[in-house]
Protein chains: 2
Amino acid sequence: MKETKLGDFEEVLLLLVGILDKEAYAFKIAEKFESQTERAVSIGAVHSTLNRLSEKGFLKSAMGESTAERGGRRKRIYTITAAGEKALQDSRDFKMSLWNQYPSFAGNLKFNF
Amino acid sequence: MKETKLGDFEEVLLLLVGILDKEAYAFKIAEKFESQTERAVSIGAVHSTLNRLSEKGFLKSAMGESTAERGGRRKRIYTITAAGEKALQDSRDFKMSLWNQYPSFAGNLKFNF
DNA sequence: TATATGTTCTACTTTTTAGTAAGAAATATT
DNA sequence: AATATTTCTTACTAAAAAGTAGAACATATA
């Protein structure tokens, strides 16, 4: 009986990229993840997941400009591809459909398509 | 670049158990999975996932009565535990919160808590 | 110049999740 | 009695996801 997470880290990261928009670079993503989750992540885990997501074609990325701040190394900014968007959409639709069929949940949400 | 699924098979199975209620036994679950997903599953994969879910304390199960049908072996009926219910609830809340923050999705759903 | 800060990168290991294979129990039909 | 069907079970393998470690780069501050 192990520690428990029904984890779909990738999906969460993908969503965070969408949420952060222009600010979607690994460190910020990790920060956001922690603030939204109370779960710690290592930056390396974020990087490797971001890579995996890119290999799958769900994210693309490009280097931004280096900023004139202390430590201002150039950031790699991630954006969701069309395929990523679709994957997210599909996953959401599917989940919602299941939730809707489960009596314990069906009451407290509504759609409008 | 691999075949693509942001898969969280366990969560889906857990939900299917909730949806199927008294009918939640492995074969039926597999069937339901296929009908809702268009993805094939092997019954073995379902069994091992159901086991994992039970070890984690999200499901419990008991043998039902054998029915008087051809091949009517006794079925193991699964039910969601309180912990399972909570895990599902948490996962849903978290996802919804993320979706709500992502501009591409934020428009087309509403809550009422 | 040395150090701190913010950040990326890659190769690797571990853990978890998913899937396979083979067998067996219970019942119905032939 | 033999066979077909529906179902469960277990031990195992494979694949995917998550996490670690360590190094490096660019800039600012001391």
Side-chain angles (χ1 to χ4, degrees), chain A residues 1-14 16-17 20 23-34 37 39-56 58-59 61-78 87 91, chain B residues 1-14 16-17 20 23-34 37 39-56 58-59 61-78 87 91:
Chain A
M1 185 140 31
K2 281 298 160 45
E3 196 38 28
T4 281
K5 56 182 157 19
L6 296 181
D8 33 6
F9 193 46
E10 294 184 331
E11 185 175 354
V12 173
L13 253 46
L14 201 47
L16 289 178
V17 168
L20 286 168
E23 289 299 297
Y25 58 93
F27 251 77
K28 197 72 152 201
I29 294 168
E31 228 174 85
K32 189 86 175 175
F33 181 90
E34 298 199 328
T37 325
R39 254 164 81 195
V41 248
S42 74
I43 182 64
V46 171
H47 272 294
S48 64
T49 301
L50 254 13
N51 283 160
R52 228 179 314 127
L53 250 10
S54 301
E55 275 161 21
K56 289 180 181 177
F58 294 154
L59 287 178
S61 66
M63 296 310 282
E65 292 309 309
S66 60
T67 51
E69 312 160 66
R70 184 168 189 157
R73 184 175 177 177
R74 300 174 71 196
K75 296 162 178 122
R76 177 173 295 278
I77 305 293
Y78 288 86
S91 153
Chain B
M1 185 140 32
K2 284 295 160 46
E3 197 38 28
T4 280
K5 58 182 149 28
L6 298 179
D8 32 7
F9 194 47
E10 293 185 332
E11 185 175 355
V12 173
L13 252 47
L14 200 48
L16 289 177
V17 168
L20 287 166
E23 289 297 298
Y25 57 94
F27 252 77
K28 198 73 152 198
I29 293 168
E31 226 175 86
K32 189 86 174 174
F33 181 91
E34 298 199 328
T37 325
R39 255 162 82 194
V41 249
S42 74
I43 182 66
V46 171
H47 273 292
S48 64
T49 301
L50 254 13
N51 284 159
R52 228 179 312 129
L53 250 10
S54 301
E55 276 161 20
K56 289 181 180 176
F58 293 154
L59 287 178
S61 66
M63 296 309 282
E65 292 309 309
S66 59
T67 51
E69 313 160 66
R70 183 165 190 156
R73 183 174 175 178
R74 299 174 70 196
K75 297 163 178 121
R76 177 173 293 278
I77 305 293
Y78 288 86
S91 152

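The sequence lines fix the lettering, A, B, ..., with proteins before strands; numbering per chain opens at 1.
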Rounded to whole Å, how long is the line connecting atom [atom1] of [X] with atom [atom2] of [N]?
{"X": "A:L20", "N": "C:dT7", "atom1": "CG", "atom2": "C1'", "result": "15 Å"}
{"X": "A:K75", "N": "C:dG6", "atom1": "NZ", "atom2": "C1'", "result": "8 Å"}
{"X": "B:R74", "N": "C:dT27", "atom1": "CZ", "atom2": "P", "result": "9 Å"}
{"X": "B:I77", "N": "D:dT9", "atom1": "CD1", "atom2": "C1'", "result": "16 Å"}
{"X": "B:L53", "N": "C:dT17", "atom1": "CG", "atom2": "P", "result": "9 Å"}
{"X": "B:F27", "N": "D:dT5", "atom1": "CZ", "atom2": "P", "result": "13 Å"}
{"X": "A:Y25", "N": "D:dC25", "atom1": "OH", "atom2": "P", "result": "21 Å"}
{"X": "B:E10", "N": "D:dA15", "atom1": "CD", "atom2": "C1'", "result": "15 Å"}

Quick one: do B:E23 and B:K75 make a salt bridge, cutoff under 4.0 Å?
-> no
Within-4.5 Å side-chain heavy-atom neighbours: [X] and [Y]:
{"X": "A:S61", "Y": "A:Y25", "value": "no"}
{"X": "A:L53", "Y": "A:Y78", "value": "no"}
{"X": "A:R39", "Y": "A:E34", "value": "no"}
{"X": "A:I43", "Y": "A:H47", "value": "yes"}
{"X": "B:F33", "Y": "B:L16", "value": "yes"}
{"X": "B:I29", "Y": "B:K32", "value": "no"}

Quick check: does any side chain N or O of A:R74 sit under 3.5 Å from a backbone N or O of A:E65, one acting as donor and the other as acceptor?
-> no
Residue B:M63, side-chain heavy atoms: nucleotide from D:dC8, C:dG19, C:dT17 that is nearest |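 So the side chain of B:M63 is nearest to D:dC8.
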Compute the angle between the rotation axes at the two ends of the helix from C:dT1-D:dA30 to C:dT30-D:dA1, each taken over five pairs, rounded to 10 degrees.
-> 0°
Upstream residue (5' side of DNA chain D) when A:R52 and A:R73 are each assigned their closest nucleotide = A:R52
Looking at DNA chain D, which of residues 43-51 of chain B put a heavy atom within less than 4.0 Å of it?
->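 Those residues are B:H47, B:N51.
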Would you please confirm or rule out a distance under 4.0 Å between OP1 or OP2 of C:dC9 and any side-chain N or O of A:R76?
->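 A:R76 to C:dC9 OP1/OP2: side-chain N or O found under 4.0 Å.
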Hey, is the side chain of A:S42 poking within less than 4.0 Å of OP1 or OP2 on D:dG19, counting only N and O atoms?
->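 No, no such contact exists.
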Apply the test side-chain contact (heavy atoms from CB on, under 4.5 Å) to residues A:E10 and A:L13: give CA-CA distance (whole Å), side-chain angles for both, the deciding distance (0.1 Å), then the verdict.
-> CA-CA 5 Å; A:E10 294 184 331; A:L13 253 46; 5.8 Å; no
